[in-house]
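Here is the structure we will look at.
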Amino acid sequence: MVTIEREGGEPLPYEGVWRFTAPAVDASVPQARHAVRDLLLRQGVPVADDVVQGLLLIVSELVTNAVKHAALLSPMLAVEVAVGAEWIRVSVEDNHPYRPTALENDYGRTGGRGLLLVREITREAGGACEVEHTSAGGKVIWAALPLKPAQTY
């Protein structure tokens with residue numbers, strides 16, 4: 001995890017890490033998206049709308065992948081949101097050992113582009129994403145986006 005050092009060392013009011021679990025079912029996709037959006041609003045994270053929209057799409061794609069591909073071995077999944085002074089990181093963890101890879105563009109396919117979309121959104125925002133194994137044998141897929149403050153006029 002990235003650590004940002006600042007003068008004074010005190011965290012900003014919106015900084016922190018939040019984690020919640022959900023069943024690996026279709027209904028968890030919009031629930032996770034709404035939970036992340038509500039968390040950002042409740043904590044007063046000063047983030048631009050385009051970053052929020054990209055972040056919510058990433059959450060939807062990652063939770064959808066966990067529901068579609070990991071539910072058999074992982075009936076529960078975990079979503080974590082970490083907010084720092086200059087970044088936001090979302091991750092989805094499941095207990096399935098398969099480590100997915102981003103698929104190449106195949107315009108004949110009607111699905112299978114979720115992780116490719118996550119990587120593209122992250123790249124365009126100037127962030128990073130990765131798939132890592134957990135100590136329990138599952139995986140966590142995370143994406144970190146720069147925290148571009150909301151414009152005030």
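Residue numbers start at 1 and run along the sequence shown.
Under the 4.5 Å side-chain contact rule for hydrophobic residues, Leu115 and Val79 share a cluster. Both Leu117 and Val131 are part of a single hydrophobic cluster, where members link through side-chain heavy atoms under 4.5 Å apart. The hydrophobic clustering, which links ILVMFWY residues whose side-chain heavy atoms are closer than 4.5 Å, places Val45 and Leu12 together. There is a path of hydrophobic side-chain contacts, each under 4.5 Å, that joins Phe20 to Val67. Residue Val29 is grouped with residue Leu40 when hydrophobic side chains (ILVMFWY) are merged at heavy-atom distances under 4.5 angstrom, including chains of intermediate members.
For Glu124, the salt bridge (Lys or Arg N to Asp or Glu O under 4.0 Å) criterion is met by no residue, not counting sequence neighbours. By the side-chain hydrogen bond (donor to acceptor under 3.5 Å, both in side chains) test, His34 is found to be paired with Arg37, residues two or more places apart in sequence or in another chain being considered. Residues satisfying the side-chain contact (heavy atoms from CB on, under 4.5 Å) criterion with Gln53, sequence neighbours excluded, are absent altogether. Partners of Glu130 by salt bridge (Lys or Arg N to Asp or Glu O under 4.0 Å), not counting sequence neighbours, listed by chain and number: Arg99.
At a threshold of 4.5 Å between non-hydrogen side-chain atoms, the residues Val83 and Trp18 count as touching.
The line from CG of Asn95 to OG1 of Thr134 is 6.5 Å long, rounded to the nearest 0.5 Å. Separating the CD1 atom in Ile121 from the CG atom in Leu145 is a distance of 8.5 Å, to the nearest 0.5 Å. Interatomic distance, Glu15 CD to Leu147 CG, rounded to the nearest 0.5 Å: 9.0 Å. For the atom pair Cys129 SG and Arg89 CZ, the distance stands at 11.0 Å (nearest 0.5 Å). Between the CD1 atom of Ile141 and the OG atom of Ser91 there is a distance of 10.0 Å, given to the nearest 0.5 Å. Here the straight-line distance linking atom CG of Leu39 with atom OH of Tyr14 works out to 13.5 Å at 0.5 Å rounding.
The two residues Ser28 and Pro23 have their closest heavy-atom pair at OG-O, 2.6 Å. Pairing each heavy atom of Val17 with each of Ala82, the nearest pair is CG2-CB, 3.9 Å. Shown here for Leu73 and Pro97, the closest heavy-atom pair between the two residues is CD1-CD, 3.9 Å. The minimum heavy-atom distance linking Gly126 with Pro146 is given by the pair O-CG, 3.6 Å.
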Next item on the list: Give the C-alpha distance, both sets of side-chain angles, the deciding distance and a yes or no for side chain to side chain contact (heavy atoms under 4.5 Å, CB included) between Ile88 and Val52.
Entry: CA-CA 10 Å; Ile88 300 174; Val52 172; over 6 Å; no

Notebook entry, point to check: Checking side chain to side chain contact (heavy atoms under 4.5 Å, CB included) for the pair Glu132/Lys139: CA distance, chi angles, key distance, verdict?
Noted result: CA-CA 6 Å; Glu132 300 172 352; Lys139 67 183 161 305; over 6 Å; no

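At distances below 3.5 Å, not a single donor-acceptor pair connects side-chain atoms of Thr122 with backbone N or O atoms of Gly127.
Among residues at least two apart or in separate chains, salt bridge (charged side-chain N to carboxylate O under 4.0 Å, His left out) pairs with a member in residues 17-29 are Arg19-Glu80, Arg19-Glu93.
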I'd like a table of donor-acceptor pairs (distance under 3.5 Å, sequence neighbours excluded) in which one partner is a side-chain atom from residues 54-66, with atom names and distances.
residue: Ser60; atom: OG; partner: Arg33; partner atom: NH1; Å: 2.7
residue: Ser60; atom: OG; partner: Leu56; partner atom: O; Å: 3.2
residue: Thr64; atom: OG1; partner: Ser60; partner atom: O; Å: 2.7

